[in-house]
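One structure is given below, represented as structure tokens, and several questions about it will come after.
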Amino acid sequence: MSELTDFDPDPLLRVDASEMSPVDLADEASAGLFARPGRTLLTVLGTVIGLAALVATLGLSSTASNRIVGRFDELAATEIVVSSRPTPRAGVSNEIPWDAAERLSRLNGVVAAGTLSRVDAGNVLISTAPVSDPTRRTDFDLSVQAVSPSAFPAVRAELSTGRFFDEGFSNRADRVAVLGTSAAERLSVVNLSTRPAISIGDEVFTVIGIVSDVGRQHDLVGSVIIPEGTARELYHLRAPEIVVVETALGANDLITAQIPLALRPDNDVALKVVSPPDQQRVRDAVESDLNLLFVVLGGVSLLVGAIGIANVTLVSVMERTGEIGLRRALGASRLHIASQFLVESSAIGFVGGIIGASVGVLIVVSVAAYQSWTPVLDLWLAVAAPLAGALIGLLAGTYPASRAAALEPVEALRSST
Amino acid sequence: MAEVATLELASVSRQYGDDAPIHALKNVDLRVERGEWVAIEGPSGSGKSTLLNILGCLDRPTSGSYLFKGLDVGALGDRERGGLRSRHIAFVFQSFHLLAHRSVVENVMLAEVYQRGSRRERRARAEAILDRVGLSHRFDYLPSKLSGGERQRVAIARALLGSRDVLLCDEPTGNLDTATGLAIMELLAGLHAEGLTIVMITHSPELAMIASRQVRIVDGELSDGSSAHGLSDYAPLEAWVPLEAADGGADGWPTDSLRLVGPLIEGTRVREGPAHGADVESSTGSDAGGS
Ligand SMILES: Nc1ncnc2c1ncn2[C@@H]1O[C@H](COP(=O)(O)OP(=O)(O)O)[C@@H](O)[C@H]1O
Ligand SMILES: [Mg+2]
């Protein structure tokens with residue numbers, strides 16, 4: 001056996017440190033993990049649960065808030081409401097001009113603008129006329145709103161039947177009314193083909209349309225809506241109460257700044273212009289509270305996962321004391337021993353991160369599909385979760401690895417492999 | 001003999017604990033020349049393992065100096081001592097210390113994990129050495145499927161893979177039955193014949209006699225050249241064959257096995273073991289290893 005006879009005869013002048021290639025390190029660590037596959041799998045589970053919870057909660061909250069942005073935010077982000085300041089300076093009127101809607105609709109970026117006013121019709125009740133069913137209660141205390149025809153698109157009113165009134169009705173001060181759907185219900189107005197009429201006090205109005213829903217100014221649904229011109233003539237309306245403006249998306253800030261000058265160039269403090277950032281901020285705050293809760297929950301489950309890894313690695317170090325001794329005898333330095341256990345615990349965390357991220361994504365996609373929402377997931381989560389898992393594993397492995405490295409080889413060898 | 005001893009201890013002491021210290025080794029001087037096979041005998045607790053661990057750079061002496069092939073080992077750091085163990089020192093333990101979940105060939109390959117070297121050739125080398133110890137049919141077995149003797153052969157193969165300078169054995173046959181133990185001794189004898197330096201702890205005076213030199217430790221103090229069988233007038237033995245051990249040894253060794261050990265090196269001077277009055281046999285065994 002010639003290969004066994006080349007024993008080195010020379011004196012040793014120096015000795016190189018022992019070394020371990022990264023490939024060998026990976027090999028030895030994976031062998032360590034696969035030696036007890038069941039336990040390794042159970043240890044992985046902790047990180048899986050933690051990271052799945054984290055990814056799922058983050059994904060679900062972004063998916064849910066995306067849905068809110070889709071339906072609600074666009075409406076809020078394009079809305080401006082103008083009203084006059086309640087206490088006018090002496091001798092100066094704070095009123096909104098009658099042609100406010102017309103003036104604003106000329107601004108570039110305004111989609112629709114309309115004026116709305118609550119009408120004080122005197123202390124009168126509203127009833128269907130003529131009375132159709134004498135046994136039923138027929139008089140109701142409903143609010144009456146006078147609006148400009150352009151207010152219907154501005155509040156995104158939807159007709160269930162009939163029509164809106166236009167400038168002609170308003171200019172002629174016609175006695176016509178559009179009913180909000182719940183007002184129509186109370187007045188038992190269903191079918192417009194019979195040309196139903198209602199009476200506001202002594203005045204009789206023909207119902208020409210029923211509004212099923214509005215995007216803004218929700219009290220319109222329960223109101224009797226009459227033309228502004230009619231209200232001016234009948235009830236001596238002095239000025240519009242508010243202007244509702246719908247802007248193009250993104251034009252809101254610009255229009256908000258332009259409104260005082262467009263409506264009251266003479267008095268820049270006459271009007272109060274309310275645009276949505278306030279509401280948005282409230283919603284953002286609510287959302288980030290939710291996110292924080294989710295993140296805390298995920299963090300707690302991760303902490304539990306990390307403790308699991310630390311615990312199992314520690315048990316593994318104690319069980320493998322003989323192996324550690326053997327490796328030291330075969331040349332491993334303390335650093336080599338520590339590295340192997342760190343790689344093992346990081347690998348557990350890394351694999352846990354991959355599985356956890358996949359499970360989390362699956363949860364988000366399933367919930368979104370069930371709710372028919374569009375799943376929204378940050379792509380970086382897919383990368384960050386395994387990295388976070390590996391980091392957690394690394395941290396969790398620090399103490400066990402240092403224990404393993406601190407073992408005296410002679411002591412370690414005394415326990416059997 | 002070479003000018004530089006393979007191993008050289010000079011007044012080495014090892015003390016455990018500070019209050020009521022245990023003096024496991026007391027001023028031990030020991031020179032092991034290249035190609036020697038030294039058997040360390042002594043009662044249990046006398047300090048044999050402590051001595052071997054110091055020789056193997058697994059432990060440090062409390063005082064005294066240790067030169068490994070002329071190099072002062074005491075001055076080396078953890079990683080250099082690791083390098084020394086990895087490339088120059090091989091261990092064989094009583095309890096084999098095989099990794100239960102790794103195959104035979106993987107267990108052997110472990111010896112080169114802490115060296116820089118071609119991984120591609122590592123397996124081929126491991127298989128060649130397993131061939132040498134007679135385990136070519138067991139490459140992919142798990143240790144649990146092997147007999148005790150086979151396990152110790154795996155351990156010896158692992159020892160041989162990484163390191164060529166000295167083989168340190170702590171009671172290598174302690175967990176084996178007599179016949180199996182003897183076969184392991186045959187294997188060691190073959191390696192020794194090829195030039196391997198061996199330091200071996202053994203409880204058994206009969207096995208110690210197979211070595212080329214015997215030293216004895218009692219209470220941490222080392223004395224050269226004596227044995228349990230009264231071999232007080234020390235003279236270096238390259239090989240010694242207790243042919244009639246079957247009569248005298250309580251273990252009842254199979255004589256056939258013993259004959260196989262044989263004098264292994266040409267020009268070997270063979271002596272009688274006085275306790276047994278064994279015959280002297282002088283022949284040249286070219287390869288006593290294998291099974
Ligand atoms: N780590 C230790 N701590 C304290 N005492 C020890 C330690 N290791 C060995 N000893 C003691 O040192 C002496 C020599 O032990 P050892 O070298 O193992 O003996 P042997 O191998 O000859 O049986 C014994 O008395 C033993 O109890
Ligand atoms: Mg011992």
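In what follows, chains are A, B, ... by sequence order, proteins preceding strands, each numbered from 1.
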Using atom types as modelled and distance alone, determine if a side-chain donor or acceptor of B:H97 lies under 3.5 Å from a backbone N or O of A:L413.
yes
Do you know which of B:Q115, B:R81, B:R102 has the most heavy-atom pairs under 4.5 Å to chain A?
B:R102
Enumerate by number any residue of residues 22-29 of chain A whose heavy atoms lie under 4.5 Å from heavy atoms of chain B; in the absence of such residues, state 'none'.
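The list, in residue order, reads A:V23, A:D24, A:D27, A:E28.
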Nearest 0.5 Å please: distance from the OG atom of B:S86 over to the NE2 atom of A:H336.
9.0 Å
Look up atom CZ in A:R414 and atom CG in B:N53, then write down how far apart they are to the nearest 0.5 Å.
8.0 Å
Determine, for B:R60 against A:E408, whether the closest basic-nitrogen to carboxylate-oxygen distance falls under 4.0 angstrom.
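Between A:E408 and B:R60 there is no salt bridge, as every charged N stays at least 4.0 Å from the carboxylate O atoms.
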Answer with side chain, backbone, both or neither: which region of B:L76 has an atom nearer than 4.5 Å to a non-hydrogen atom of chain A?
side chain
I need the minimum non-hydrogen distance between A:R327 and B:L110, along with the two atoms involved.
NH1-CD1, 3.9 Å
Have a look at A:V15 and tell me which of B:E80, B:R79, B:K69, B:R85 forms a side-chain contact (heavy atoms from CB on, under 4.5 Å) with it.
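Exactly one candidate clears the test, B:E80.
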What's the spacing between A:R328 CZ and B:L58 CG if we round to 0.5 Å?
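The CZ atom of A:R328 sits 8.5 Å away from the CG atom of B:L58.
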Could you pull out the closest heavy-atom pair between A:A329 and B:F93, with the gap in Å?
CB-CZ, 4.0 Å
As an exercise, state the distance from CZ of B:F91 to CG of A:L330, rounded to the nearest 0.5 Å.
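Taking CZ in B:F91 and CG in A:L330, the distance rounds to 8.5 Å.
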Is it the backbone or the side chain of B:R87 that comes under 4.5 Å from a heavy atom of chain A, or both, or neither?
side chain
Indicate the atoms forming the closest heavy-atom contact of A:S18 with B:Y114, along with that distance.
CB-O, 3.5 Å
Ordered numerically, the heavy-atom neighbours of chain B under 4.5 Å found in residues 31-44 of chain A are A:A31, A:A35, A:R36
If you take all heavy atoms of B:D78 and A:S333, which pair is closest and at what distance?
OD2-CB, 3.5 Å
